[in-house]
Each structure stands twice: as C-alpha cells, then as structure tokens.
J.: 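One structure follows; several queries about it will come next.
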2 protein chains.
Amino acid sequence: MSATPKSERTRAHLRDVAVRMLRDVGYERTTMRAVAAEAGVSTGNAYYHFPSKDALVQELYLEVQREHAERAAPVLAAGGALADRLRGVWGASVDAFAPFHAFGGEFVSVAIRPGSDASPFSAASAGSRDLSRALFDEVVAGTSTRVPERLRAQLPELLWLAQLGITLYWVHDTSPGFARTRRLVDGGAALVGSLVRLARLPVARGVVDDVLRLVRSVHPAAEASPASDEGPRGRETAAQGDA
Amino acid sequence: MSATPKSERTRAHLRDVAVRMLRDVGYERTTMRAVAAEAGVSTGNAYYHFPSKDALVQELYLEVQREHAERAAPVLAAGGALADRLRGVWGASVDAFAPFHAFGGEFVSVAIRPGSDASPFSAASAGSRDLSRALFDEVVAGTSTRVPERLRAQLPELLWLAQLGITLYWVHDTSPGFARTRRLVDGGAALVGSLVRLARLPVARGVVDDVLRLVRSVHPAAEASPASDEGPRGRETAAQGDA
DNA sequence: GGTACTTTTTGAACATGTTCAAAAAGAGTC
DNA sequence: GACTCTTTTTGAACATGTTCAAAAAGTACC
C-alpha cells in the first residue's frame, strides 16, 4: 500500500489540489497543467500518478459520495416509513451535491460516457458506487414499512437507479434552491410509498411481477435466457441501468 | 433563405461531409480539420458556417431522427393496441440508431451537457426534438386502446421521456443485437399497456393522479407554485425531464 | 470599371488533454 | 562509494477544438 512514502505524498497532494480546484472552478477550468503547477510538479508527473483527467474527477465523486452518506446517516438511523426515509436520503443528495451544481453538467457529461472511468457503472467507480448503493440497501432494510417479499431483493437497486435519475434531473434544474428537484424528491418518495402499499393488492400482483421480471431480464448480470450471455466477455464491468 | 448560393453550397457540403464522417468514424476521429479538409475548405471556414463541432453533431441527430420517423411510419399508420404501437416505435429507434452504436456514448455525452446545443432540451434541437415528440403524440392519438382522459394529455411526453431513457440504456448495451434493449422495449411497452389498463380501476385512480400532478409540478413549464418561477430567466430554453 | 461595403475564406495562433524519451532520484548490493 | 535496476519526474512534443486578424471574393452603386 504505502509504496514509497515520497511518491504517495505527491499523489495525495495532486488529488487534494485537483478536488479543491474542481470544486472551486469546475471541470473545464481545472486543467491538468494548472493542477500540476499548483501542486508544484510537472504536467507529466500528474499523468504518472493519474492515468487521465477523469481519474481525478473520480476522486471528487468519492468525496461527494462520502458527504451524501454523512448527511443521510441520521435519516437512516431514525427508522420510520419508507417514503420518509427515501425523501431524507434523496433530499440529502440534493444538499450534498449543491456546491457542484454550477459544473454538474460537465461532470455528468463525463460520467455518462460508457467507457469512462467516471461512469457510475465502471469498475473504477466501484468505490463510490458501492457507497451510494449501500444507502438504499439501508433505506429498505431499516424501514418500518412492510415491503412485500418479492420486492425486497430488487427494490434497493431500483431506488439507486432513481437516485441517478434524480441527479440527472437536478443537473438540468435551474430553479432557485433546486425547488423543482425537491418537488421531484418529495413527490417521488411519496409515490414509491404508495406503490409499495399498492403492490400488496391482488390486482397489482401481476403488474408488479411483470416489472420485477423485466428489470431482471434487462439487468446485465441477467440470468441469461439463451445461456450464452455473460460468458467470455472480459471487457464488461459491473451493472448498468438507464440513468 | 438562400442567402448567397455559393455560401449555401459550402455550408451544405460541410454538413454532408461531417454527417458521413461522424457515421463512419465516430465523434472523436471526426476532427474539424478533417471535415474541413475533406470538404476542401480551411478549418476556420468550417467555424464560419458552424459555431462548434456540436453544431455539426446536431445535423447528424436530425438525420437519425428522420430515419426513426421513417421506420416508425408503418407502425403508426397501422393502428392497434397501445402496447403494440409503442413496441413498434421504440423498436424502430433501436434499428434506426444501430449504425451509430459504436459512437453512441460519445454522442450521448455531448448531448447530456445542459448547455450543449446537442441537448435534447436545447433550443437548437427543437427540430429533431419536435420530430421525435410527434411520434408519440401519434402513438397515443392513433391507438385503439382506450386511454383515460386524465392521461391523454401527458402520456405522449412521458413516452418520449421513456424513449430518451431507452436510448440511454441502449448506449450502454453491449449484448449482441442489442438483445437487452429489445427486451426492455418489449417489456416496457407491455408494461405501459398494463398500466394504462390498470389506471382505469378505482384503486389506482389516486396514484395515477399523484403521478400526473408530480410530473406537472416538476415540468419546467410548470404552472408555477410561487408565481415567480419562469419569469425573467431569459437563458432558459425549452422543456426538460430526467433522461 | 472603380469605389465602398459586406460576406466569405484563410492560415496562423492559443490552450487543452495526453504521450514519451530521457533525465533524476531511490533502493539494493558489493 | 560505485554499480545496477526500478521508480519517479521532467519538459518538449503532438493533435485537438476554437479564435482571430487579415486577405480574398462578392455585391451595390456611381
């Protein structure tokens, strides 16, 4: 781990400078030359420690995700209804992401590119992704709302995907105080509550099963209908959805 | 319109070369210098006719959208159940987009950036956006399925947003023949059919209204709760959702 | 056809992300 | 300390998107 302490210090310093710069002046104006200069090393050296600019952005994501988790913690500790927990966790993301809204578009643009290390589905993002996913496992696990057994397994992932969708919406949201995004969060959370309640009714059972089956069949790690689905395909990374 | 015929010819030639190149070698390898050289003009001249590389990508979108509309036409002409029409139109997009899958990620990345001309919500995209939206107006208008009145007004836009989501999924889809995306299309279409049917039941009425109200309240062109919502904000363009 | 004006075109220039060969610094061994 | 060998660091180089001042071509009017 601590290869050479000297090298490790250079790396850490570069990361700190980069994260601070990304936060303060955005993606575009955070040039590799500027980061390197600010850190007191050469441009090439920055590339020795980080394979690309995206790799630096990745470090930022990790910080933001930690911030989100921290803000969500009290909500998760409190127990309560699913809708309330969801509202709390989704809402916490709006607060945690707020400082980055000005450059959110740039970050999302970088993150959405399939090959990008910064993609929420990439192997490189495993760290921040797992952090974020765990929040929704906890949302479901710790709620007093009775969640039908059939739903329990897949619900957290769906809520995480919804989190991505909300973030995508937020990036485009220019309303003061992100009022629209907050309406989306509040309404969405309430809706999920209603739907979960509704899912218990016999009329809904068919549709619920359809949805769950569809989600499963569409999941990259699918149970594979024609057997040869996820075999010798090495380059593929983790999960992916539609956000 | 036909300002100077000479200038117009240069512009058209640049556009044709660019679209062909984007189709054949992708976004990155289609450099402005290469486009200009291939068209037999200087680099600066390309910038005289198109303000940015994104503007050229915009031209590609228009072509692809036309292709989609063309493939969807027979389905739309045929009438029938909502689910079938949807499956046809969404499925047509998979076929129409297929030649660009290799570079789909690059295009989406460009399109997702809020300020970008290539964004599906930008003013510059009005042309291709309207083309695409009209498809879903027609899907709903021409179906034999009985769609509850409350739904009719908003359904087309929701389906269009779903189209964006499907495209986003497709971009990440590495399964052979886009099998996963096709499962998503088939399952999604069937699901919409079921849900519309379900929406007629009294139990569902409450949730349906919640959804519709939420979508409205979250729409940029919202009826504005605190009155000062869409006032003196000139730079804002058209609609936007979460895809 | 010449003169004033606008539109179009050019090519050099700039800052960017990234690469790379070579230099410098470290680490281990005698 | 000198000698290998690896790790780290450097700075110049490359191709990119974009800008810009100036040249060329076109147009309108005398």
Side-chain angles (χ1 to χ4, degrees), chain A residues 1-15 17-19 21-22 25-60 103 105-107 109-111 113 115-119 124, chain B residues 1-15 17-19 21-22 25-60 103 105-107 109-111 113 115-119 124:
Chain A
M1 277 305 154
S2 60
T4 358
K6 170 74 176 306
S7 168
E8 191 52 44
R9 228 180 317 130
T10 308
R11 197 194 133 89
H13 191 197
L14 274 168
R15 191 202 56 219
V17 168
V19 168
M21 257 181 123
L22 284 169
V25 304
Y27 180 82
E28 260 188 45
R29 290 177 52 201
T30 301
T31 69
M32 292 300 275
R33 283 170 181 79
V35 170
E38 181 80 12
V41 300
S42 69
T43 312
N45 198 4
Y47 276 93
Y48 177 77
H49 290 285
F50 296 92
S52 70
K53 188 175 173 180
D54 286 8
L56 285 173
V57 173
Q58 185 56 43
E59 300 287 332
L60 174 71
F103 318 113
E106 296 175 331
F107 296 136
S109 174
V110 171
R113 181 175 277 120
S116 166
D117 281 349
S119 161
Chain B
M1 278 304 155
S2 60
T4 359
K6 170 73 175 307
S7 168
E8 190 51 44
R9 229 180 316 130
T10 307
R11 196 195 133 89
H13 191 197
L14 275 168
R15 191 203 55 217
V17 168
V19 168
M21 257 180 124
L22 285 168
V25 305
Y27 181 82
E28 259 188 49
R29 289 177 52 201
T30 300
T31 69
M32 293 300 275
R33 283 169 182 77
V35 170
E38 180 81 10
V41 301
S42 70
T43 312
N45 199 3
Y47 277 91
Y48 177 77
H49 290 285
F50 296 93
S52 70
K53 189 175 173 179
D54 286 9
L56 285 173
V57 173
Q58 184 56 43
E59 300 287 332
L60 174 71
F103 318 114
E106 295 174 333
F107 296 137
S109 174
V110 171
R113 180 175 277 119
S116 166
D117 281 348
S119 161

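All chains are named by letter (A, B, ...) in the order of the sequence lines, taking the proteins before the strands, and each is independently numbered beginning at 1.
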J.: Look at the side chain of B:S109 and the backbone N and O of A:R113, then say whether any donor-acceptor pair between them is shorter than 3.5 Å.
T.: no
J.: If the cut-off is 4.0 Å, is B:N45 near the phosphate of C:dT8, judged by side-chain N/O to OP1 or OP2?
T.: no
J.: Can you measure A:D54 atom CG to C:dT18 atom C1' for me and round it to whole angstrom units?
T.: 12 Å
J.: Between A:E59 and A:R11, does any side-chain N to carboxylate O distance fall below 4.0 Å?
T.: yes
J.: Report the distance from atom CD of A:E28 to atom C1' of D:dT18, rounded to the nearest whole Å.
T.: 11 Å
J.: I'd like to check B:L56 versus B:M32 (side-chain heavy atoms, cut-off strictly below 4.5 Å). Are they in contact?
T.: yes
J.: If you find the nucleotide of DNA chain D closest to A:G44 and the one closest to A:R33, which residue's nucleotide is nearer the 5' end?
T.: A:G44
J.: Does any part of the side chain of A:K53, heavy atoms only, come nearer than 4.5 Å to the side chain of A:Y27, both counted from C-beta?
T.: yes
J.: Rounded to the nearest angstrom, tell me the gap between atom OH in A:Y47 and atom P in C:dA22.
T.: 22 Å
J.: Quick one: is A:Y48 getting a side-chain N or O under 4.0 Å of the D:dT9 phosphate, OP1 or OP2?
T.: no
J.: Heavy atoms from C-beta onward define the side chain here; which of C:dT18, D:dT9, D:dG17 lies closest to that of A:H49?
T.: D:dT9
J.: How many whole angstroms separate atom CZ of A:R11 from atom C1' of D:dT7?
T.: 15 Å
J.: How close or far is atom P of C:dT18 from atom CZ of B:R29, stated in whole angstroms?
T.: 18 Å
J.: Find out whether A:V17 and A:H13 are in side-chain contact, i.e. whether some heavy atom of one side chain is under 4.5 Å from a heavy atom of the other.
T.: yes
J.: Can you check whether A:T10 has a side-chain N or O nearer than 4.0 Å to OP1 or OP2 of D:dT9?
T.: yes
J.: Can you check the A:M32 CE to D:dG11 C1' distance for me, whole Å?
T.: 15 Å
J.: Rounded to the nearest Å, what distance is computed from the OH atom of residue A:Y27 to the P atom of nucleotide D:dG17?
T.: 15 Å
J.: Where the side chain of B:S42 is defined as all heavy atoms beyond and including C-beta, which of D:dT7, C:dG11, C:dG17 is the nearest nucleotide?
T.: C:dG11
J.: Rounded to whole Å, how long is the line connecting atom NE2 of B:H13 with atom P of C:dT9?
T.: 13 Å
J.: Counting any heavy atom closer than 4.0 Å, what does A:S52 reach on the DNA or RNA strands: base, sugar-phosphate only, or nothing?
T.: sugar-phosphate
